[in-house]
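Heads up: the structure comes next, in structure tokens.
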Amino acid sequence: MEKNNVGNLFPLRKIYSRGITGKGITAAVLDTGIYPHRDFYLPEKRILYFEDFVKKGNRMYDDNGHGTHVCGIIASGGSYYDKTAMGMAPEASLVVLKVLEKDGSGRVGTMLRGIEWILEHYQEYGIRIVNISVGMPVKNTENPEEDILVKKVEDLWNHGMVVVVAAGNGGPEPCSVTSPGISRKVITVGAAYTGNDRREDISYSGRGPVPGTCVCKPDILAPAGNIVSCDNHGNCYKKRSGTSMATPIVTGAIALLLSDQPWLSNRDVKIRLMESAIDCGKPKSVQGWGLLNPEGLIR
């Protein structure tokens, strides 16, 4: 089970040894919710707020498991038990908004309400990063930048937050990046091989370009196959794959960076990701800048 825990995908111990753990940084997650897994309560409770925009209410739950898994990749403190599923930024805090149904589907209106909540409360909770491991088909292919989700995530970006979005699992066809990952401002994440296993199929990863524009997506790649993280029952762990898993790996790396250098703007973060990425030798429509490089990012 431990093979693809995020600590084994990157040499993060060197970063942690410098006292860089994500402490003081809050990431908002728009997903299926969160299960109150023990790993989000060590070394202290780090779920700052939960709201359900599907059924309405504040009772913490996740009836799918996707959101819990995503949150665990960002900020599980699993190392305090057995290092099975330690997140990228094990002392970062979370604000979790349930905007997806039990089956993982979602409505644009529900997503928009979640984003509006963040715009109203991001300062109150110190939200620096927004993770959106979900995508919807691009309907207006002639003018995709007019997509309502694109406009809303760009509102988040314009308010200073770093927005990290999945490229979607619609590849390998060109122009298969989903909305809101087609936004030119946000950081769009595609899938990379896990470790050195080149047998892994990552052809599903959404590819650019963005139709009707000169925007090249995705921006960056991160490991996506059989990632171990928290499950939504009994303090268990589970493996999941997809750009949904690659996205919180990038979010967690950014939380580490901002906890070390909190003065950086979202534009600074994007430039750092670009400059530190490792070229995978693939077309930009597949790899963007290349593979996430946490050590190079937190220089």
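Residue numbers start at 1 and run along the sequence shown.
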Query raised in the report: Does anything in residues 28-47 pair up under ring pair (Phe, Tyr, Trp, His ring centres under 6.0 Å), and if so which pairs, sequence neighbours excluded?
Result: His37-Tyr237

Query - Pairs where residues 139-175 contributes a residue and the test ring pair (Phe, Tyr, Trp, His ring centres under 6.0 Å) is met, not counting sequence neighbours - result: Tyr122-His159

Pairs involving [range], ordered by first then second residue, that meet salt bridge (Lys or Arg N to Asp or Glu O under 4.0 Å) (sequence neighbours left out):
{"range": "residues 58-76", "value": "Asp63-Lys98"}
{"range": "residues 153-163", "value": "Lys152-Asp155"}
{"range": "residues 42-58", "value": "Lys23-Glu44"}

Query - Arg107: side-chain contact (heavy atoms from CB on, under 4.5 Å) partners, not counting sequence neighbours - result: Thr110

Query raised in the report: Considering residues at least two apart in sequence or located in another chain, which fulfil the side-chain contact (heavy atoms from CB on, under 4.5 Å) criterion with Ser265?
Result: Arg267, Asp268

Table please: side-chain donor-acceptor pairs of residues 206-216 below 3.5 Å, with sequence neighbours left out.
unit_1: Thr213; atom_1: OG1; unit_2: Val210; atom_2: O; d: 3.1
unit_1: Thr213; atom_1: OG1; unit_2: Val215; atom_2: N; d: 3.1

Requested in this report: List for me each residue that meets side-chain hydrogen bond (donor to acceptor under 3.5 Å, both in side chains) alongside Asp147, sequence neighbours excluded, and say none if there are none.
Outcome: Ser179

**Report entry** Partner set under side-chain hydrogen bond (donor to acceptor under 3.5 Å, both in side chains) for Thr247, not counting sequence neighbours
**Finding:** none

Requested in this report: Sequence neighbours left out, what passes ring pair (Phe, Tyr, Trp, His ring centres under 6.0 Å) with Tyr49? Give chain and number order.
Outcome: Trp117, Tyr125

**Report entry** Residue pairs fulfilling side-chain hydrogen bond (donor to acceptor under 3.5 Å, both in side chains) with at least one residue in residues 285-296, sequence neighbours excluded
**Finding:** Asp279-Gln287

